[in-house]
Participant: 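Sharing a structure, written as structure tokens. Questions coming.
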Amino acid sequence: MSAEEEQQQFSRVDSASNSEISTPSNKAERDDLKDEYNDENAENEVEIPKKPGSAYVTVSIMCIMIAFGGFVFGWDTGTISGFVAQTDFIRRLGQRRADGTHYLSKVRIGLVVSIFNIGCAIGGIILSKAGDMYGRKKGLIIVVSIYIVGIVIQIATINKWYQYFIGRIISGLGVGGISVLSPMLISEVSPKHLRGTLVSCFQLMITLGIFLGYCTNYGTKKYSNSTQWRVPLGLCFAWALFMIGGMTFVPESPRYLLEKNLIEEAKHSISISNKVSIDDPSVQAEIDTLMAGVEAERLAGTASWGELFSTKNKIFQRLLMGCMLQSLQQLTGDNYFFYYGTIVFKAVGLEDSFQTSIVIGVVNFASTFVGIYLVERFGRRRCLLWGAGTMTACMVIYASVGVTRLYPHGRKQPSSKGAGNCMICFTCFYIFCFATTWAPIPFVVNSETFPLRVKSKCMAIAQGCNWLWGFLISFFTPFITGAINFYYGYVFMGCLCFSFFYVFFFVPETKGLSLEEVNTMWEEGTLPWKSPNWVPPSQRNADYDIDAMNHDDKPIYKRMFSRN
């Protein structure tokens, strides 16, 4: 190929990229009209070398500091489930019966618990913009500071439930921003072969927060004053300050730095994350790859909200998939146990439901370590499919025992201890299946699916769907369980069945791919059930059939049970 011909091909591709809504993100993508150039370029590609696991201890610790934002959310989930059952909280914020006793109405419980999710949804959409304006690190510091303001308002509550209500909205704004920016920053600074594991640490921190929140509630429940709930809230300051301090040690996203033309800082960030010298040729190769995408994004201009709903370059399809995964994560029914665990287990005859909540917290936390291993060992799709199937079985047994065996002599008579123990057992099985699959993986998939130009907006909308469903489930659960009791489990069972089929037909495998390669796979239109066999352009040989990856004439049952 002559130099003149090569330059003409580059010009054609640059013109094409200028007209696209979401741009390709590496040289192989920008040259997708020139297969022969791809083959030539593949020979000269310089990969960042993989090192032994011990070499990545530093970057792992830094990503855990970023992921600590999940701990803040988990702490709220774990503590609020105990607050609504504590005597001082009920006396201060509840209502009084004719006989002088205090209680929290279903409406007030639903609002106090669930309004946090509305704040999170708004904060995720609005405050995540701080990550684009000031950088991922500074953006996280801003949203954590907003979270602290909400905590101050809650702690200062004397006897006005709506003051506590307002405080939860404001703290929710901060957590919503954290839930978008934390996985985003981790995905952008972590080595690609560790990305799934390190993003899953966000969920690990959530489960740790839930567990320690349960333990703190158990430790303060013996008090009769506001110590019951003010001490757990006060500890939120320690968690927030720890996270702000941790941000000073974390490298900024190299993609953001390149957007701001801070090339040397971007090289430094890549060298820290991948444990290579800043002068290593692979660092410059990575900079060139990222810069190609950044330049293409600049040519396309600033992304508008309306462009997210365009089907060009599969942006809308990706956004829809992200929203569905985050919605279905809530519709698995996990927060039915996490938010109302103490109330649910009183219904099955347990004298100290706080102890059972701690058991659930332990199972949830320990199981997440298994999920961190599985996400890179077996991939995203397979784990989601297995998770949906196993959780369906657990929920069927839980609901069926609750409906048919828990009250053998009627609801006004004592419950069956054996049936109650069985329900607790399968709740733990359910939590194990959830924590190893659907808990961490939707965060992983969303953090690596969207192009840089629309990433923050798409992640914010997808996470907003998660918070919206979290609000609906946490608000309406008291009313639904009051009306249909354990039949509620069959609702979640139906959602889990739907989840299985949705993942099979619409969620591609992204294990082991760089963020730029994920973008290429989406743009090529690869069928999700064939995506585990997809090969990046730079690694293809002459026998690779791209058309076969985009079409499948097999019957549905053969598609589902074929190894490919």
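Bear in mind the structure is a predicted one, so any value in this text is a computation, not a measurement. Computation of the quantities below employed the complete heavy-atom set of this structure, encompassing side-chain atoms and omitting hydrogens, waters and symmetry-equivalent molecules. In this chain, numbering begins with 1 at the start of the sequence shown.
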Participant: Have a look at F73 and tell me which of W467, F68, F443 forms a ring-ring contact (aromatic ring centres under 6.0 Å, His included) with it.
Facilitator: W467
Participant: Could you walk me through whether T427 and I360 pass the side-chain contact (heavy atoms from CB on, under 4.5 Å) test, one step at a time?
Facilitator: CA-CA 8 Å; T427 296; I360 289 178; 3.9 Å; yes
Participant: Go through the steps to decide whether L241 and V144 satisfy the test side-chain contact (heavy atoms from CB on, under 4.5 Å), and finish with yes or no.
Facilitator: CA-CA 9 Å; L241 292 175; V144 172; over 6 Å; no
Participant: Please step through side-chain hydrogen bond (donor to acceptor under 3.5 Å, both in side chains) for the pair Q463 and N446, ending with a clear verdict.
Facilitator: CA-CA 9 Å; Q463 191 63 40; N446 272 317; 5.7 Å; no
Participant: Counting only heavy atoms not in W239 (residues, nucleotides, ligands), do more than 12 fall under 6.0 Å from its CH2?
Facilitator: yes
Participant: Enter the distance from F116:CZ to I169:CD1 here, rounded to the nearest 0.5 Å.
Facilitator: 11.5 Å
Participant: Are the side chain of T227 and the backbone of Y223 linked by a donor-acceptor contact shorter than 3.5 Å?
Facilitator: no
Participant: Give a yes or no on this: more than 12 heavy atoms of other residues, nucleotides or ligands lie within 6.0 Å of atom CZ of R97.
Facilitator: yes
Participant: Parallel, tilted or perpendicular: which describes the rings of F89 and Y164, with under 30° parallel and over 60° perpendicular?
Facilitator: perpendicular
Participant: Counting only heavy atoms not in R91, do more than 12 fall under 6.0 Å of its CZ?
Facilitator: yes
Participant: Looking only at side chains, do Y490 and S400 share a donor and an acceptor under 3.5 Å apart?
Facilitator: yes
Participant: Step by step, would you call T510 with R380 a side-chain contact (heavy atoms from CB on, under 4.5 Å)?
Facilitator: CA-CA 7 Å; T510 54; R380 287 64 160 151; 3.5 Å; yes
Participant: Hey, what do you get for CD1 (I441) to CG (L384), rounding to the nearest 0.5 Å?
Facilitator: 4.5 Å
Participant: Could you pull out the closest heavy-atom pair between Y103 and S105, with the gap in Å?
Facilitator: CD1-N, 3.8 Å
Participant: Do R230 and Q154 touch side chain to side chain, with heavy atoms closer than 4.5 Å?
Facilitator: no
Participant: Judged by atom type as modelled, is there a donor-acceptor pair below 3.5 Å linking the side chain of S171 to the main-chain atoms of G150?
Facilitator: no
Participant: Any idea which heavy atoms bring T197 and V375 closest together, and the distance?
Facilitator: N-CG1, 4.0 Å
Participant: If you compare all heavy atoms of I66 against all heavy atoms of L140, which two are closest, and at what distance to 0.1 Å?
Facilitator: CG2-CD1, 4.0 Å
Participant: Please assess T392 against F500 for the test side-chain contact (heavy atoms from CB on, under 4.5 Å), listing each intermediate value before the final yes or no.
Facilitator: CA-CA 9 Å; T392 299; F500 181 91; over 6 Å; no
Participant: If the plane angle is over 60° it's perpendicular, under 30° parallel, otherwise tilted; pick one for F479 and F475.
Facilitator: tilted
Participant: Is the shortest side-chain heavy-atom distance between T449 and M321 below 4.5 Å?
Facilitator: yes
Participant: Counting distance only, does the side-chain N/O of R405 pair as donor-acceptor with the main-chain N or O of A419 below 3.5 Å?
Facilitator: no
Participant: Please name the pair of heavy atoms, one in S182 and one in M243, separated by the smallest distance, quoted to 0.1 Å.
Facilitator: OG-CE, 3.8 Å
Participant: Side-chain contact, heavy-atom cut-off 4.5 Å: I170 with I146?
Facilitator: yes
Participant: Do other residues, nucleotides or ligands put more than 12 heavy atoms under 6.0 Å from F237 CZ?
Facilitator: yes
Participant: Given 3.5 Å as the limit, does a donor-acceptor pair link the side chain of Q329 with the main chain of P442, or not?
Facilitator: no
Participant: Taking the side chain as every heavy atom from C-beta outward, state whether F83 and N217 have any pair of such atoms under 4.5 Å apart.
Facilitator: yes
Participant: Does any non-hydrogen side-chain atom of F71 lie less than 4.5 Å from one of L204?
Facilitator: no
Participant: Can a side-chain donor-acceptor contact be found between T79 and Y214 if the only test is distance below 3.5 angstrom?
Facilitator: no
Participant: Taking NZ, NE, NH1 and NH2 as the nitrogens, is one of them in K455 or E188 under 4.0 Å from a carboxylate oxygen of the other?
Facilitator: yes
Participant: Could you check whether any side-chain heavy atom of Y134 comes within less than 4.5 Å of a side-chain heavy atom of I142, counting everything from C-beta outward?
Facilitator: yes
Participant: Mind checking the CG-OH spacing from L111 to Y162? Nearest 0.5 Å is all I need.
Facilitator: 14.5 Å
Participant: Is the F426-F429 ring centre distance short of 6.0 angstrom?
Facilitator: yes
Participant: Go through it in stages, so that I can follow the logic: the residues are F501 and F506, the test is ring pair (Phe, Tyr, Trp, His ring centres under 6.0 Å), and I'd like the CA-CA distance, side-chain angles, deciding distance and then a yes or no.
Facilitator: CA-CA 8 Å; F501 290 98; F506 295 102; over 10 Å; no
Participant: In this structure, are over 12 heavy atoms from other groups packed under 6.0 Å from Y502 atom OH?
Facilitator: yes
Participant: Any side-chain heavy atom of T390 sitting closer than 4.5 Å to one from Y430?
Facilitator: no
Participant: Taking all heavy atoms of T436 and all of S367, pick out the closest pair and write down the distance.
Facilitator: CG2-O, 3.1 Å
Participant: Rounded to the nearest 0.5 Å, how far apart are OG1 of T216 and CD1 of I358?
Facilitator: 9.0 Å
Participant: Is any side-chain heavy atom of V189 less than 4.5 Å from a side-chain heavy atom of M62?
Facilitator: no
Participant: Could you tell me if Q330 and N466 have a donor-acceptor pair between their side chains, going purely by distance under 3.5 Å?
Facilitator: yes
Participant: State which residue, out of L208, I206, I210, fulfils the side-chain contact (heavy atoms from CB on, under 4.5 Å) condition with N364.
Facilitator: I210
Participant: Could you list the residues that satisfy ring pair (Phe, Tyr, Trp, His ring centres under 6.0 Å) with W161, not counting sequence neighbours?
Facilitator: F165
Participant: Taking all heavy atoms of I461 and all of C323, pick out the closest pair and write down the distance.
Facilitator: CG2-SG, 3.7 Å
Participant: Is R136 close enough and on-axis enough to Y256, meaning under 6.0 Å and within 45°, for cation-pi?
Facilitator: no
Participant: Answer yes or no: is there a donor N or O on one side and an acceptor on the other, between the side chain of R92 and the main chain of I158, under 3.5 Å?
Facilitator: yes
Participant: Any donor and acceptor pair, going by atom type alone, linking the side chain of Q326 with main-chain N or O of A462 inside 3.5 Å?
Facilitator: no
Participant: Charged N to carboxylate O under 4.0 angstrom, K511 versus E448?
Facilitator: no
Participant: Look only at the side chain of K137 and the backbone of V250, and say whether a donor-acceptor pair between them is shorter than 3.5 Å.
Facilitator: yes
Participant: To the closest 0.5 Å, what do you measure between CD1 (I126) and CG (L173)?
Facilitator: 7.5 Å
Participant: Answer yes when D76 and R168 have at least one side-chain N-carboxylate O distance shorter than 4.0 Å, and no when they do not.
Facilitator: yes
Participant: Roughly how far, to the nearest 0.5 Å, is the CD1 atom of I122 from the CG atom of L468?
Facilitator: 10.5 Å
Participant: Please confirm whether the backbone N or O of S447 pairs with a side-chain atom of S187, one donor and one acceptor, at under 3.5 Å?
Facilitator: yes
Participant: Taking it one step at a time, do T477 and Y488 satisfy side-chain hydrogen bond (donor to acceptor under 3.5 Å, both in side chains)?
Facilitator: CA-CA 9 Å; T477 287; Y488 196 20; 3.2 Å; yes
